[in-house]
Structure formats: structure tokens, C-alpha cells
*Asks:* 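Before we start, here is the structure in question, set down as C-alpha cells.
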Amino acid sequence: MKSQKITMGSNGRLDVPDYPIIPFIEGDGIGPDVWSASKAVLDAAVEKCYGGKRKIEWIEMLAGEKAFNKTGEWLPKETLATATEYIVSIKGPLTTPVGGGIRSLNVALRQTLDLYVCLRPVHWFHGVPSPVKHPEDVDMVIFRENTEDIYAGIEFNYDDPKAKKLFEFLKEIGGADKVRFPETSSFGIKPVSKEGSQRLIRAAIKYAIEHRRPSVTLVHKGNIMKFTEGGFKNWGYELAQAEFGDSVYTWEQWEQTKKQEGEEAANAAMKKAQLSGKIIVKDVIADNFLQQILLAPKDYSVVATLNLNGDYISDALAAAVGGIGIAPGANINYLTGHAVFEATHGTAPRFANTDTMNPSSLLLSGVMMLEYMGWNEAANCILDALKTTIMRKRVTIDFYNLMHDATLLKTSEFAQEIIKNMGTGVILEKGE
Ligand code: NAD
């Protein structure tokens, strides 16, 4: 059968053929090692689950050092066109070019495809070494806004005449007196919009409803940045009530009931809502949230937050469940369907071509991709086999160094071990 493109249906759902064409970027540094391991596992799972009735045809897109060496461009136009045309793609880590016109290849991809959600599921796999006492309590899905905030790149260095111009403008509109050292101040601008915030929070609430998650937490710093971060929170509550009123119960509703009928009545109303399966929409200030993920991670499920907060929170949570070697990610536009699944770690150039690094981050991003395509059998097959492999302590160097009595495997051997464990269900070793 002929391979076909994935398309976006008029009903807003992806149309995934049985033989889809999926572009990949293998990535720089350790990229080729972790990509070839991940690809082998993804292909094996699809073959195991669908026996030839489904198969992915991979096509390569050039980006990063490989692209630069071949074409003189870090991110060829053709790559952006291919990612746009084929809707769903996957990538390994890319070197961030130093100097030159492109700030970051990842950011360029996200902006071109308007991938407004950075999706990071964080949960612990039994046996993975972790620095916290109860990593099993961490089971969160982070929706990080991907297109706005201080990351928009509107920044002026102190010696740039534009910074002086901006300062002069502040004198006109107010705020200049708050700049402590005008001569040596650089400036960054933080755009946060209602549309940008609401499309992200909408995606988070929809996800919580579809995956039967108990809560959505809006994480913000609105106590200090009232209009940007505070706006995010207010627009979030507004949207939750207006668009999902029947499916959610918000802390704002709780506050209102408390004011009108007292705290006991408010608590009872919230309990009732929870028991009837409603999703609790709440908010937490970002610094407190970073405490809470260590103190009470069980209280949080789906998290929606702005770009910079999301950056910090994703890494802190990834560390709690075993580090960046195993944390997957995706950048998604739920409206157009465009999605780029990616390893969350960098290129670790010192370890390039050593066949030693952990491919789990990219592999689990591939699992997210299979789920996004609706190929859940293959996704679950990989998850079970990965769990078995880790529980048997047959792991790559990062986990090996932190485990007792483990067997050290190369990247490629780890992939073969996962393939070998497919279809056996999750197996616990004696005494585990
Ligand atoms: P890095 O993630 O590449 O490496 C930091 C350390 O983390 C490594 O030395 C290694 O000890 C460990 N590590 C990373 N990946 C691992 C894996 N799969 N298994 C086991 N251990 C792993 O971060 P860096 O050194 O700050 O960045 C190197 C380059 O990667 C830079 O050019 C940076 O811009 C780029 N980068 C790219 C992405 C991306 O493409 N998404 C993300 C982060 C950094």
C-alpha cells in the first residue's frame, strides 16, 4: 500500500492513514545515537501490534549542524516546508548556533508552525533513580505557553540606541523613574495576550476532560506582574467558566460561595463537584508551586503556565522523576494539528557517537506521537517494555551510575532489550 500524508480533517481531528509519512530530524551530537535507537523501537512496536497493517514511512528533514554542513543553512526553508506539509514530525536535539541570524532552531520551528503548546508529561517509571523520596507521587502534565512572554525575543542591550529610545519613551508614558540604573539597563518586553493565554488554557482543560484528570492548575506570578501573569490567571478562570462551566469547578466559585454562604458550604460544594467528576480549576503562584511539587505533588495533575515559568517547572519536575534523559516533550498547535515531538535534553556533544546515552527522552516523545496519532496499542506496548527493561535494571550509563546491581547497556543494546521485552506485559523481577 502507498504511504500517505497525515492531514487535518474538517472536523478538527487528525486524519492518520495506516501508512503515514512522518518526517524526522535526527539531531546533532548524541542525536543520531538516540534517534536510531528510538526509531528501531517505534518500528518494532508498530510491527508487533499491527503486523504490517500499519507502518510508518520515515523521511529525513535536515536541520542543525548536519544541515549546515550539507547546505550552508542551519534550518533550510525546505525543512520548514516539509514540517508544515506533513503535520506531524519528530526531532532529536539540535545545536544552538552561536552568532548568526537564528537565535534557536527550536524557537524558529515553534514560531513558523505556531506551536503554542509545549506539552511535557512528567511521571515516574518504577525503578528509575530519583532524588526525591516519593517520585511515584509525581504524575503531572505541563502545558507551557510556547509563543509569548519574555521568550518573544523583544530584548535590547543597554548599549543599543533602541534601549535609550525605549527609556525616552518610558519617560513619556511613565515608568522611567522605576529604572534604577538607566545608563546600563538592558530591557526585555513581556507580551502576554488574552488569545494566547486562553488557547493554551483551553487545550489544558480539554486534555484534563479527555484524560479524566482531576484538576487544572494555573501557575502564575500575578501577585507581582498583575497584567501579564495576573491576566493569564484571570483569563483562565474566565474561560473555564464560559466554555467549560458544566465540566469544571473553579476556586473562584469556591471564593464566591464562601463569601455568600460561608466556608463550610464552599467546601461542601467543591467536594460535591469533585465527586460528580468535575475538574477543579485552581491557581498557584509560581514560587509556591516550586515548593509544592516537592511537598505535595499529589495535589497537582494538569498544569497550565506561561513560557518562562514553564521552562523552570518542566526541568524541576523532570529532575524529580529521573532527569532529562527520560523526559519527553511535544510542541503542538491543536487547531492546525501541527506537532513536533522532541527530546527535551540537548546534544551533549561530549558524548556524540559513543552509543552510551539514554534514548528514553526521544523514545517517549515518539510514544506521545503514537498516542497523538491514535496508535495507542503501539504506544502502550513500548511503555510496558520500557518499564520491564528499567525494572530489570538493564540500563544506560546515567541510570547505571545511580542504581545498585544494574547491568550497563549501550544505547543500541538498551533499544534491543526494550524490543525483546515487547508483548510480555510488565514483568517485575523477584524481590523487587
Ligand atoms: P545537554 O542536555 O546537551 O547536556 C547536559 C548533560 O546532560 C550532558 O553532559 C549529559 O551528562 C546529560 N544528558 C543529556 N542528554 C542525555 C541523555 N540522553 N542521556 C543521558 N544523559 C544525558 O545540555 P547542554 O550541554 O547545555 O547543551 C548542549 C547543546 O544542546 C547546546 O548547543 C544547546 O543549545 C543544545 N540544546 C538543544 C536542545 C534541543 O534541541 N531541544 C535542548 C537543550 C540544549
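Atom set for the values below is all heavy atoms of this structure, side chains included, hydrogens, waters and symmetry mates excluded.
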*Asks:* Would a 4.5 Å heavy-atom cut-off, applied to side chains only, mark Ile285 and Lys221 as touching?
*Replies:* yes
*Asks:* Quick test of your reading of the model: are Glu168 and Lys171 salt-bridged, counting only N-O distances below 4.0 Å?
*Replies:* yes
*Asks:* Applying the side chain to side chain contact (heavy atoms under 4.5 Å, CB included) criterion to Pro23, which one of Val340, Ile87, Thr79, Ile59 satisfies it?
*Replies:* Ile59
*Asks:* Output yes when a side-chain donor or acceptor of Asn307 lies under 3.5 Å from a complementary backbone atom of Glu148, and no otherwise.
*Replies:* yes
*Asks:* Is it the case that Lys282 places NZ or CZ above or below the six-membered ring of Tyr300, under 6.0 angstrom from the centre and within 45 degrees of the axis?
*Replies:* yes
*Asks:* Measuring only between side-chain heavy atoms, which start at C-beta, is Asn331 closer than 4.5 Å to Asn106?
*Replies:* no
*Asks:* Under a 4.0 Å N-O cut-off, is there an ion pair linking Asp311 with Arg120?
*Replies:* no
*Asks:* Check whether any side-chain N or O of Thr396 sits under 3.5 Å from a backbone N or O of Met357 as a donor-acceptor pair, and report yes or no.
*Replies:* no
*Asks:* Which heavy atom of Val395 sits nearest to which heavy atom of Tyr400, and what is that distance?
*Replies:* CG2-N, 3.6 Å
*Asks:* Are Asp114 and Arg199 within salt-bridge range, i.e. N to O under 4.0 Å?
*Replies:* yes
*Asks:* Between the side chain of Thr344 and the main-chain N/O of Ala327, is any donor-acceptor distance below 3.5 Å?
*Replies:* yes
*Asks:* Over 60° means perpendicular and under 30° means parallel, so tell me whether His211 and Tyr207 are parallel, tilted or perpendicular.
*Replies:* parallel
*Asks:* Is the side chain of Thr217 donor-acceptor paired with the backbone N or O of Val219 at a distance under 3.5 Å, no angle test?
*Replies:* no
*Asks:* Once rounded to the nearest 0.5 Å, what's the spacing between atom CD of Glu60 and atom CD1 of Ile25?
*Replies:* 9.0 Å
*Asks:* What I'd like to find out is whether the side chain of Lys91 reaches to under 4.5 Å of the side chain of Leu109, using heavy atoms alone.
*Replies:* yes
*Asks:* Between Ser361 (side chain only) and Ala343 (backbone N and O only), is there a donor and an acceptor less than 3.5 Å apart?
*Replies:* no
*Asks:* Start with the C-alpha distance between Asp355 and Ser412, add both sets of side-chain angles, then the distance that settles side-chain hydrogen bond (donor to acceptor under 3.5 Å, both in side chains), and finish with yes or no.
*Replies:* CA-CA 7 Å; Asp355 196 19; Ser412 50; 2.7 Å; yes
*Asks:* Could you check whether the rings of Trp74 and Phe68 sit parallel, tilted or perpendicular, using 30° and 60° as the cut-offs?
*Replies:* parallel
*Asks:* Listed by chain and number, what are the salt bridge (Lys or Arg N to Asp or Glu O under 4.0 Å) partners of Glu243, not counting sequence neighbours?
*Replies:* Arg202
*Asks:* Between Glu229 and Lys190, is there a side-chain N and carboxylate O pair less than 4.0 Å apart?
*Replies:* yes
*Asks:* Has the side chain of Asn157 got a donor or acceptor atom that lies under 3.5 Å from a matching backbone atom of Asp159?
*Replies:* no
*Asks:* Answer whether the closest heavy-atom distance between the side chains of Asp33 and Phe351 falls below 4.5 Å.
*Replies:* no
*Asks:* For the residue pair Phe289 and Ile293, establish whether any side-chain heavy-atom pair is separated by less than 4.5 Å.
*Replies:* yes
*Asks:* Counting C-beta onward and ignoring hydrogens, is there a side-chain heavy-atom pair between Phe187 and Asp160 closer than 4.5 Å?
*Replies:* no
*Asks:* For the pair Lys66 (side chain) and Ala63 (backbone), establish whether a donor and an acceptor sit closer than 3.5 Å, ignoring hydrogens and angles.
*Replies:* no
*Asks:* When you compare the side chain of Tyr249 with that of Ile279, does any pair of heavy atoms fall below 4.5 Å?
*Replies:* no
*Asks:* Is the Trp35 ring parallel, tilted or perpendicular to the Phe24 ring (thresholds 30°, 60°)?
*Replies:* parallel
*Asks:* Keeping Lys278 on the side-chain end and Pro214 on the backbone end, is there a donor-acceptor pair under 3.5 Å?
*Replies:* no
*Asks:* At what distance, to the nearest 0.5 angstrom, does NE2 of His345 lie from CG of Asp315?
*Replies:* 12.0 Å
*Asks:* In the structure I gave you, are the side-chain heavy atoms of Leu317 and Val321 within less than 4.5 Å of one another anywhere?
*Replies:* no
*Asks:* Would the distance check show the side chain of Gln291 and the main-chain N or O of Asn288 forming a donor-acceptor pair, the cut-off being under 3.5 Å?
*Replies:* no
*Asks:* Take Asn267 and Trp254 through the side-chain hydrogen bond (donor to acceptor under 3.5 Å, both in side chains) test and state the conclusion after the steps.
*Replies:* CA-CA 7 Å; Asn267 287 342; Trp254 181 87; 2.8 Å; yes
